[in-house]
Amino acid sequence: MAAQTGRSAVPAWEEAMKKQEIAGSGHLADGVKKKILSKVAALRLRLEEREKARKNSGFPKKIPKLEMSVSRTDEKKDPQKPPCKREGKAPVLLKKIQAEMFPDHSGNVRLSCQFAEIHEDSTIWWTKDSKSIAQVQRSAGDTSIVSLVIVQASQKDQGLYYCCIKNSYGKVTAEFNLTTEVLKQLASHKDSKGCEEIEFSQLIFREDFLQDSYFGGCLRGQIATEELHFGEGVHRKAFRSKVMRGLTPVFQPGHPCVLKVHNAVAYGTRNNDELVQRNYNLAAQECYVQNTARYYAKIYAAEAQPLEGFGEVPEIIPIFLIHRPENNIPYATVEEELIGEFVKYSIRDGKEINFLRRESEAGQKCCTFQHWVYQKTGGCLLVTDMQGVGMKLTDVGIATLAKGETHLCPNLETNKNSAKAF
């Protein structure tokens, strides 16, 4: 009853005891009085315990739930705090893109900008009209100038250029519009280009040609290169050139050649050493890819020519590394110029349909050679972008099974000569 009403019954007992005292003789025996007091005390204790139990039973789990919900909320907020701090660490653009012409009258244009607040390793890439043209890595804390060299800049190079740096903290982008007016302002150099001295090197393969090669047989000579390029791909520009002297017995004076150089070289450093190194790596890689494909073509020819009625075999022409000491983009490749109708017999992305590939003898034999290389290397390597004039091919590529692998063909039998040059 006390639990239902929430009122204490102790005063009622005390009042009953007082009534008994008045109704009786006015005096109770000590034993009776003690017994009544003990019952009152016991009842008081039980009522207090019940009251506590009732209060506790009404809110048994709510307080822990509140504590847990608070702690979970805090846990959810904690991971959100670092991004707030990370937003402040995103890279910032320190200097906008500026254009300048190299002072050596080479016709090369340099675009440069600078970023700050680089708190971790980042990727920097350059795009032209939304197409990626170059990429370079930047270490944490390195705030040196980022540059892009446009080789032999002409009207074909005008467009909207972007330089973007990105890491996990965020990204920032700079832009520059290379217009005809800008090129005219920069083009204070002479329109004609004279002869230049070069150093000419052949790529030489040792016994294991996939793992051991070097540039040797250095020749010195002089070439004259046209000012404007006649061909341009995604990565390279092609200039007509002519041998003036030297380079024999590979080329005779007056021999028409094609000089190729990457049209955009991205780098970022406090000096030009990285630019030269990247320029060398790109040119050397071009030599390695095409000359390796040429070596496979020679093995293929050795197996195919003895077959009755097979006829002429496709030949991949060699390319050579040249060093131009007076040019700020000192490394390029040179090869003989193919005269005639230039045809693409195979393409990389499958978007282009070339009926000459299927109908002509050269096209069918190029496809046969591709299949032969694929089978010979166990599916690890495929020669791509086969193109040229007739049976002479150039600008070929090599697709590998795994990105970055170069030693893909341990089962390929090679001739046991000491060295082989192209």
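The first residue in the sequence is number 1, and the count goes up from there.
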Q: For the residue pair E100 and S112, confirm or rule out a side-chain donor-acceptor distance under 3.5 Å.
A: no
Minimum side-chain heavy-atom gap V313-K365 below 4.5 Å
no
Of S360, C367, P314, the one forming a side-chain contact (heavy atoms from CB on, under 4.5 Å) with Y345 is S360
| query | For the ring pair Y161 and F176, is the centre-to-centre distance below 6.0 Å? | reply | no
If you count heavy atoms of other groups shown closer than 6.0 angstrom to NZ of K96, is the number above 12?
no
Check: Does a donor on one side chain sit under 3.5 Å from an acceptor on the other, for S144 and D142?
Finding: yes
- Message: Between T394 and E335, is there a side-chain donor-acceptor contact under 3.5 Å, judged purely by atom types and distance?
- Response: yes
Checklist entry - Do N281 and Q285 have side-chain atoms, one donor and one acceptor, less than 3.5 Å apart? => result no
**Request:** Check whether the side chains of S241 and E226 place a donor and an acceptor atom closer than 3.5 Å, and report yes or no.
**Result:** no
Regarding H255 and E337, do their side chains bring together a donor and an acceptor under 3.5 Å, going by distance alone? no
| said: Can you classify the ring geometry of Y331 versus H323 as parallel (below 30°), tilted (30 to 60°) or perpendicular (above 60°)? | reply: parallel
TODO: Report yes or no: do T143 and Q114 form a side-chain donor-acceptor pair below 3.5 Å?
DONE: no
| Any donor-acceptor pair under 3.5 Å from Q158 side chain to T180 backbone | yes
N/O donor-acceptor pair under 3.5 Å between N291 side chain and P318 backbone
no
